[in-house]
Amino acid sequence: MGRHDEVDRSGAPDTARAEAIERYTDQLLERTAGDERDRDAVERALRAWRRERDGSGESESAPVLPLARRFGRSALVRLASAAGVLLAVAVAALFLIGPGAPTADAALAGALERARAATPRMYELLFERGLGFTRAVEADLYVSGEQTFALALEKPAGTAWIGGDRAQVWVVPANPQLPVVLGDRARRTQQLLAENDVELPYVDVVSALEALSVDYDAALSADGLVLSGTKRATAPEHKADTFRLVLDEDGALASLELERRGRIALGDWRFELQARDTEVDGSVFDHASHHRADRRVIER
Amino acid sequence: MQPDPEPEATADAGPDTVPHALFEALVREHGPRLRVFLGAAVRDPLIQDELFQEALLVAWRRIGDFDPERSFGHWLRGIARNLILARRRADGRRGPLVAPDVLEELGALCEVDGPEGERLGEELDALRVCLDHLPDDARSAVRLHYTDGHRGPELAERLGRSVEATKKLMQRVRARLFDCMTMRLEAREGI
């Protein structure tokens, strides 16, 4: 790893290196709760770039020429391959003029809007990862609007519950001797999930659909019920991340399959949601409904 | 509508569109890491944003200079580095910008031998695990600083330490987290 080699290299002033490590780690720590600000900043900068590009009277093809002259068409192909965006470029270009794009976007936006509505729904969740997808998490996922969720996980000792909303995240262990844990911020969700051996990229439908809206190019089937797509920017040497989403007749999410194929199979994962036509009681989102009143509750 | 794996297939859709889409894809892939680099080099978030946007505009104008055999992220950070140094020279003082030798070290820290696209996510995943393994007092300090937003004297008061002792504690914690993260990433890569 180049970064570590650099850290150990001789000759660099220790103070400069130490300050760089301090600053670099500080920036990473700022991002442990999420990278939304970076993604927003990237989009803002791209908007500024588009304005600059369009406002300068620059021909759309202007930047192509230097590359093509210097490296030829094959260089562009290599460039696309190296960036891992070959598929994304093709799809993006097609969608820029393709008649299906607005419909796909509208369908996804509609599903997102319905997911954001505070109508409780239940999904069966399956998350598999690793070589041969052998490490799996199966759970019932209850969602209500944005960021309100409850996960029911079957454990040898019974059912464990993990849930949360904008303000709080909570864990009710299956073992009744263990205390209920309350986290002060929703952003600690992933930490509490990890502590309970639950590894999930998403714990609510809105986050998953938002990721698809931002990072993926989507196509809509002729019947308007199936969306499929590929991640817009995928790392080099990675296969493109893909998803397949089925809408119900109301335009809400009926099922979702999201798959990531990494550089090595150990990093692969597949995330699936399947809606169940079950009436959801709002109390499922309250941790107190999952444990006895006298059970010890600790806050972290 | 199915994506076609060959870029030539986009010709019907307008070949002039491809470089724009490609540039956007590259920026989306490498932009977050450039933001980390800039954030580490420049404390002022407004200047960070300015430099980020400026770097993209320069990159676009000079895209013909980019060697597609090399890393786009590395090239982009090189542009940002030059912008920082130019601004530092123009300011004629240290100001809020990092010293050149630290800037060089930051550039080295951002380098990755393999694919850059998901590196930041891998680092953050490793860092989160390392956070869980911190002693209680250190983890508490990190939480107060990064989650709850307490800084300086306010953070020191909450930790029951002097401002200087708090600063030293945070420095030690960050160094420890960096070492832990690096070891985890190396172990993951089988080094």
Side-chain angles (χ1 to χ4, degrees), chain A residues 1-4 6 12-13 16-17 19-32 35 38 41-42 45-46 48-49 52 60-61 63-64 66-67 71 75 77-80 82-94 96-98 100 185 219 230 232-233 235-237 263, chain B residues 1 3-5 7 9-10 13-14 16-22 24-29 31-32 35-36 39-40 49 52-53 56-57 60 63-64 68-69 72 101-102 105-106 108-109 111-113 115 117-118 123-124 127-128 131-132 142 146-147 171 174-175 177-178 182 185-186 189 191:
Chain A
M1 184 173 67
R3 180 171 49 76
H4 188 62
E6 294 295 342
R17 191 171 65 213
E19 183 177 344
I21 288 172
E22 162 93 3
R23 285 170 172 263
Y24 186 77
T25 311
D26 173 68
Q27 286 302 301
L28 294 182
L29 284 166
E30 292 282 2
R31 289 161 170 82
T32 51
D35 62 351
D38 287 327
V42 167
L46 282 173
W49 164 71
E52 167 88 2
E60 285 284 297
S61 61
V64 182
L67 271 181
F71 307 109
V77 175
R78 284 201 304 277
L79 177 59
V85 294
L86 203 58
L87 285 174
V89 168
V91 173
L94 286 168
L96 282 171
I97 64 164
R185 299 283 284 263
T230 306
R232 197 168 291 124
E237 301 177 26
R263 182 162 45 118
Chain B
M1 193 179 300
D4 191 308
T10 64
D16 297 345
T17 308
V18 173
H20 291 169
L22 176 59
E24 293 200 17
L26 287 165
V27 169
R28 286 195 178 94
E29 182 180 347
R35 295 266 310 162
V36 171
D49 280 348
F52 183 71
Q53 295 194 2
L56 298 196
L57 296 178
W60 177 248
I63 193 73
E69 300 288 351
F72 185 78
D101 55 347
V102 179
E105 291 295 328
L106 280 174
L109 289 173
E111 291 303 312
V112 175
D113 285 342
E118 297 188 356
E123 287 179 335
L124 293 176
L127 194 58
R128 290 185 191 106
L131 278 168
D132 287 342
V142 169
Y146 291 99
T147 305
Q171 285 174 345
R174 290 186 193 107
L177 286 170
F178 179 82
T182 304
L185 291 170
E186 285 179 347
E189 291 165 0
I191 295 173

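Convention: sequence-line order gives letters A, B, ...; per-chain numbering from 1. Computed from a predicted structure; not experimentally measured.
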Atom [atom1] in [X], atom [atom2] in [Y]: separation rounded to 0.5 Å?
{"X": "A:L46", "Y": "B:W60", "atom1": "CG", "atom2": "CH2", "value": "11.0 Å"}
{"X": "A:L28", "Y": "B:L131", "atom1": "CG", "atom2": "CG", "value": "10.5 Å"}
{"X": "B:Q171", "Y": "A:D26", "atom1": "CD", "atom2": "CG", "value": "11.0 Å"}

State, yes or no, whether a side-chain contact exists between [X] and [Y] at a heavy-atom distance under 4.5 Å.
{"X": "A:R31", "Y": "B:L127", "value": "no"}
{"X": "A:Y24", "Y": "B:E105", "value": "no"}
{"X": "A:W49", "Y": "B:Q53", "value": "no"}

(request) Could you please spell out the steps behind the salt bridge (Lys or Arg N to Asp or Glu O under 4.0 Å) verdict for A:E22 and B:R174? (result) CA-CA 6 Å; A:E22 162 93 3; B:R174 290 186 193 107; 2.3 Å; yes
(message) If you compare all heavy atoms of B:D49 against all heavy atoms of A:A41, which two are closest, and at what distance to 0.1 Å?
(response)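 So the two residues come closest at OD1-CB, 4.4 Å.
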(request) Check whether any side-chain N or O of B:R128 sits under 3.5 Å from a backbone N or O of A:T32 as a donor-acceptor pair, and report yes or no. (result)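 Yes; judged by distance alone, with no hydrogens or angles, the pair exists.
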(request) Give the member of B:P32, B:A40, B:G31 that has the highest number of heavy-atom pairs under 4.5 Å with chain A. (result)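 Between B:P32, B:A40, B:G31, the count favours B:A40.
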(message) Using heavy-atom distances under 4.5 Å, tell me whether B:L106 contacts chain A through its side chain, its backbone, both, or neither.
(response)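 Interface part for B:L106: both.
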(message) side chain to side chain contact (heavy atoms under 4.5 Å, CB included) for B:D101 and A:E19? Distances and angles first, verdict last.
(response) CA-CA 10 Å; B:D101 55 347; A:E19 183 177 344; over 6 Å; no
